[in-house]
Amino acid sequence: MITCPKCHARLEDGSRFCDSCGAPIPEQTAAETASSAKIFCPHCGKQIGSENPFCPDCGKPLEEKIFCSNCGKQVDTASNICPNCSSRLYDEVFCPNCGKPSGPDAAFCKNCGTPFNAAPKPEQKKKKEKKKQDHDSSDQKKPSKGIIFAGIGILLAAACILVFVLIGGGTGSSSNYAMYVKDKEIYYTGFSRKDPWQVTSRFVDGGDIDNFDLADAAYFLADACRLSEDGSLLFFPDKISYSDNGYSLYYRQVNKPKEDAVKIDSDIISYSVSKDSSAITYQKNDTLYQYDRKKEDKQKVASDIRRYYVSDDGKTILYLNTEDVLYSTVRGGDREKIDSEITGLSYVSEDLSTLVYIKEGTLYKKVGSEDKVKISSDVDYVIAAYDSGEVYYVKSESTEVPLSNYVYDDKKEADAALTEPKSPNWIDPDYDAKYEDYQKASEEYRAKLFRDNIRKSLNEEKIEQTDYSLCYYNGEEETVIHDSFIDSSYTCAADSPVITYTAYDQSDDIRIKLSETEDIYSIRSFVTEALISASERYVTVGSTSSLLDREEAQHFRLSADGETLFYLDEVPEDKDYGELYQVSISSSGELGSPELYDSDVYTGTLHFIDAGKLLYFKDYKNDKGELYIDREKIDYDVNFYSIQYMEDQECVTYYTDWNDEKNYGTLKIYTGKDAQKIADDVHSHFVLPNGEVLYLYDYSPKYYHGDLYLWNKKDTEKIDDSVVCILPVY
């Protein structure tokens, strides 16, 4: 068993992504990876082991096929993107980097900045794999690099620059600082000293890890580095090696760089620091500990941990063990059993006081020390739960429907009257004419026999149908919104109980003529496609639904407040652009008239950034195009995978003239006025809390390092040379 580094769930060996929170899991050995291929659950979108017959998150069977809600094509469950129209199939968004949940309208993770649908194109992956193969071929004696960071909770990321991110919330500290890797060590600078400070000592313990691995894992190395809320303490990993089961965690006082680092513990998989930095809660193997920094000692909290949550002050810990028992404990007190047989922990409030969870199919809500409140029975999974108390969730009921229900026997009477024809006597004077009639009659009779076989099969064949019901809980009672909800076809507003979804139109009579059928399989296919085509799009506020009468609309996006719906329509066949419309949504659920927002908008990019601003592309080809924000053209030849939006600084950084072979481009910044060029030939960058920008220049693709510069909004200053990567500490 291994442990998720973010939500701390216990997972099967070889897991690439957490099946509880969606976070990436360190790569395992090639043999383990091959034996644990991953697929996405077609019902909840979680990535899980293909060997599981049921999704461990939502509990539903994995055998069923799904259909794209935009184009209706049948889609393999191994993909999260429709190969026909590029639509996202699952709207419950979990960050593939840190595992934190975000609203379905978000294009980027607000916790760490990782993109949600900007996966590298196949050709980019091939280039990256080829580059790594070329790099590794120089030393055949080295072990496989894919598992070097497996023991320290770090997953090798895509090339650092190919990232489409939204970064919000800053660092939690007003300090302006930077961290980076050089000479296989981690360095820190607060820009107040002449020379940067080497934080680690023998960070890479052994020769198995090189610059390629460190550069490739920059964002995940950064996740193990923390600056305290007041900016006085720096927490960091040190002394990692190929064989480690985790990393050794240390801390230093920022204003006393000459003092020795204090070791907290070794073999740490994940950790969190309290707001006052007095308590460090961490998982070591499958055991949870809390370290008292003032007393410099640790206390064991619990064993057999699957996942855990810690309050900001570090006093309250909520954890789920491997036996699905949920506990809460307060520092200095006894643990309290909250409930057992938990099959889904759907919502945990920020202060850990409010929980929404599923126990044996029953959905409960528990607030503080009060008794749990039953919301509903026979619940499959929760779509969204809000801080204000509302919950959207799904129930299902599977039934076997006779296939004959979908067939109209238009030849029943005619076939009943048919008898087998007899061949005419060859000596008959009218033999030729009678034989021609005989052939026609024989053909009709053979068709009748064929239909008789289909009739026989129809009486025996059944089609299994699962009816999904979308339900809403307003904090007091349940409302069934629609009982023909199409699973995995919804988009929720992040901050308000508003959802847009697709449901079957039950008024349509789905039947096929028996004379038009080829076989039983064609009937099944017809029924499936007809059910998809006989669907309608709805927008629901709370429990009040309104029909969106746009049959060809696709790529729906709801603003975080749920007051505006955007979608693409009038997309030409075999094209990747269309007309972008917006629809206002009233608090009572009424829809305004669709208004044309913009034209020729690329279908693959439609994302909200801060304050509801809409970011999208036009004239998009080969990962580049014209960048727009709220109908304003920002720049052209913009590399899609390089965009960063810094929420605190309200700025967008991106690259133009990106060179895939040399891995650099022209770095620019947009702050609401005209875009400004920072520098040419930039490999990677990071925006600091005060809006200044660190970037790597003159990067060597052979040695994986470059010169580190600081742009102070006016001029540039060289910070260091031979820097492998910048660690964006959030």
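Because the structure is a prediction, the values reported are computed rather than measured. Computation of the quantities below employed the complete heavy-atom set of this structure, encompassing side-chain atoms and omitting hydrogens, waters and symmetry-equivalent molecules.
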Query - Check against side chain to side chain contact (heavy atoms under 4.5 Å, CB included), Y381 and V379 - result: CA-CA 6 Å; Y381 62 93; V379 174; 5.9 Å; no
Query raised in the report: Is there side-chain contact between Y699 and Y704, with heavy atoms separated by less than 4.5 Å?
Result: yes
Query raised in the report: When you look at K182 and L708, which way does the side chain to side chain contact (heavy atoms under 4.5 Å, CB included) test go after all the steps?
Result: CA-CA 10 Å; K182 173 182 176 177; L708 182 63; over 6 Å; no
**Report entry** Separation between CD1 of I338 and OG of S369, rounded to the nearest 0.5 Å
**Finding:** 11.0 Å
Report task. Could you please spell out the steps behind the side chain to side chain contact (heavy atoms under 4.5 Å, CB included) verdict for S274 and E229? Result -> CA-CA 9 Å; S274 63; E229 185 79 10; over 6 Å; no
Report task. Determine, for Y188 and R252, whether the Lys NZ or Arg CZ falls below 6.0 Å from the six-membered ring centre while staying within 45 degrees of the axis. Result -> no
Query raised in the report: OG of S228 to CD of Q253: how many Å apart, nearest 0.5 Å?
Result: 9.5 Å
Report task. Measure from the side-chain N and O atoms of S311 to the backbone N and O of T316, and report whether any donor-acceptor pair falls under 3.5 Å. Result -> yes
Query - Side-chain donor or acceptor of Q283 paired with backbone N/O of N285 under 3.5 Å - result: yes
Query raised in the report: Rounded to the nearest 0.5 Å, how far apart are OG1 of T716 and OH of Y709?
Result: 7.0 Å
Report task. Please round to the nearest 0.5 Å and tell me the distance separating atom SG of C725 and atom CG of D216. Result -> 9.5 Å
Query - Heavy-atom side-chain contact between D313 and K275 under 4.5 Å - result: no
Report summary line: Taken in chain and number order and not counting sequence neighbours, the residues that satisfy side-chain hydrogen bond (donor to acceptor under 3.5 Å, both in side chains) with K298 are D265
Report task. Tell me yes or no: between the side chains of E185 and T200, is some donor less than 3.5 Å from an acceptor? Result -> yes
Requested in this report: For K184 and F203, indicate whether the former's side chain and the latter's backbone hold a donor-acceptor pair under 3.5 Å.
Outcome: no
**Report entry** Distance in Å, I317 CD1 paired with T281 OG1, rounded so as to fall on 0.5 Å steps
**Finding:** 4.5 Å
Report task. Any ring-ring contact (aromatic ring centres under 6.0 Å, His included) involving residues 320-354? Give me the pairs, sequence neighbours left out, ordered by first then second residue. Result -> Y319-Y327
Report task. Taking the side chain as every heavy atom from C-beta outward, state whether I305 and D286 have any atom pair closer than 4.5 Å. Result -> no
Requested in this report: Check for a donor-acceptor pair, side chain of Y271 on one end and backbone N or O of A224 on the other, with a separation under 3.5 Å.
Outcome: yes
Query - S270 and Y308 side chains, donor-acceptor separation under 3.5 Å - result: yes
Query raised in the report: Hey, is CD on E259 packed in by over 12 heavy atoms from elsewhere, all under 6.0 Å?
Result: yes
Requested in this report: Evaluate the side chain to side chain contact (heavy atoms under 4.5 Å, CB included) criterion for residues F191 and L694: first the C-alpha distance (whole Å), next the side-chain angles of each, then the deciding distance (0.1 Å), finally the verdict.
Outcome: CA-CA 12 Å; F191 305 106; L694 274 175; 4.3 Å; yes
Query raised in the report: Do the side chains of D183 and Q198 get nearer than 4.5 Å, heavy atoms only?
Result: no
Requested in this report: Measure from the side-chain N and O atoms of N321 to the backbone N and O of D304, and report whether any donor-acceptor pair falls under 3.5 Å.
Outcome: no
Query raised in the report: What distance separates T354 OG1 from D387 CG, expressed to the nearest 0.5 Å?
Result: 8.5 Å
Query raised in the report: Quick check: does any side chain N or O of E692 sit under 3.5 Å from a backbone N or O of K713, one acting as donor and the other as acceptor?
Result: no
Query - Passing option when Y291 is tested against L249, V273, V262, D297 for side-chain contact (heavy atoms from CB on, under 4.5 Å) - result: V262
Query raised in the report: Judged by atom type as modelled, is there a donor-acceptor pair below 3.5 Å linking the side chain of D561 to the main-chain atoms of S496?
Result: no
**Report entry** Sequence neighbours excluded, every pair satisfying salt bridge (Lys or Arg N to Asp or Glu O under 4.0 Å) that has a member inside residues 318-332
**Finding:** R306-D324
Query raised in the report: Does any donor atom in the side chain of Y357 or D339 lie under 3.5 Å from an acceptor atom in the other side chain?
Result: yes
